[in-house]
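Input: a single structure, listed below in structure tokens.
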Amino acid sequence: SREGKRIILAEQRLDSIAMHADRVVALHQGSVVLDGPPADVLVSPVLRDIGLDWIRFTRVGSLARDKGVWSKSGPLPITLEATLKGLGKN
């Protein structure tokens, strides 16, 4: 909150949240299961455990990691730019 103002948005399409949110809170059955920056929350395996799939960029990074194309130690991407950079396509 840059000027003391906050916007709370309930959204199931996680792609748009990755680029616009400073903080993401994931709820499951009325309880908070994840709370933090998008780069942490949107790549968490907990999302899959509660029935949400990763966004397409994170899925691509995970598949690339499984194939040895993505660094095992590097973070998974949540944006197109991060995906392209991680694949060496920037």
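Each residue takes its place number in the sequence, starting with 1. These numbers come from the heavy atoms of this one structure, side chains and all, not from hydrogens, waters or symmetry mates.
Other residues, nucleotides and ligands contribute more than 12 heavy atoms inside 6.0 Å of the CZ atom of Arg48. Within a 6.0 Å radius of CZ in Arg23, other residues, nucleotides and ligands contribute 12 heavy atoms or fewer. For Leu9, the CG atom is densely surrounded, since the number of other residues' heavy atoms within 6.0 Å is greater than 12.
Taking each heavy atom of Gly61 and Pro77 in turn, the nearest pair found is CA-CD, 3.9 Å. Closest of all the heavy-atom pairs between Leu76 and Ser62 is CD2-N, 3.6 Å. In this structure, Ala39 and Val43 approach most closely via the heavy-atom pair O-CG2, 3.2 Å. Closest of all the heavy-atom pairs between Ala18 and Ile55 is CB-CD1, 4.1 Å. Closest approach of Ala26 and Leu47 over heavy atoms only: CB-CD2, 4.2 Å.
The CG atom of Leu14 sits 9.0 Å away from atom OG1 of Thr58, with the distance rounded to the nearest 0.5 Å. Rounding to the nearest 0.5 angstrom, the gap separating the NZ atom in Lys85 from the CG atom in Leu80 is 13.5 Å.
Considering only residues two or more places apart in sequence or on other chains, Arg65 meets the side-chain hydrogen bond (donor to acceptor under 3.5 Å, both in side chains) condition with none of them. Partners of Ser71 by side-chain hydrogen bond (donor to acceptor under 3.5 Å, both in side chains), not counting sequence neighbours, listed by chain and number: Ser73.
Contact of the Leu87 side chain with the Val60 side chain is registered, since non-hydrogen atoms from C-beta on lie closer than 4.5 Å. Side-chain contact between Phe57 and Leu42 is absent, with no heavy atoms from C-beta onward closer than 4.5 Å.
The one candidate from Val33, Val41, Leu52 that meets the side-chain contact (heavy atoms from CB on, under 4.5 Å) condition with Val46 is Val33.
In this structure, Met19 is not a member of the same hydrophobic cluster as Trp54, with clusters built from ILVMFWY side-chain heavy atoms closer than 4.5 Å. Linking ILVMFWY side-chain heavy atoms closer than 4.5 Å, directly or via other members, places Ile78 and Leu63 in two distinct hydrophobic clusters.
Hydrophobic clustering, defined by side-chain heavy atoms of Ile, Leu, Val, Met, Phe, Trp and Tyr closer than 4.5 Å, groups Val32 together with Val25, Leu27.
A donor-acceptor distance shorter than 3.5 angstrom exists from the side chain of Trp70 to the backbone of Pro75, with no hydrogens or angles considered.
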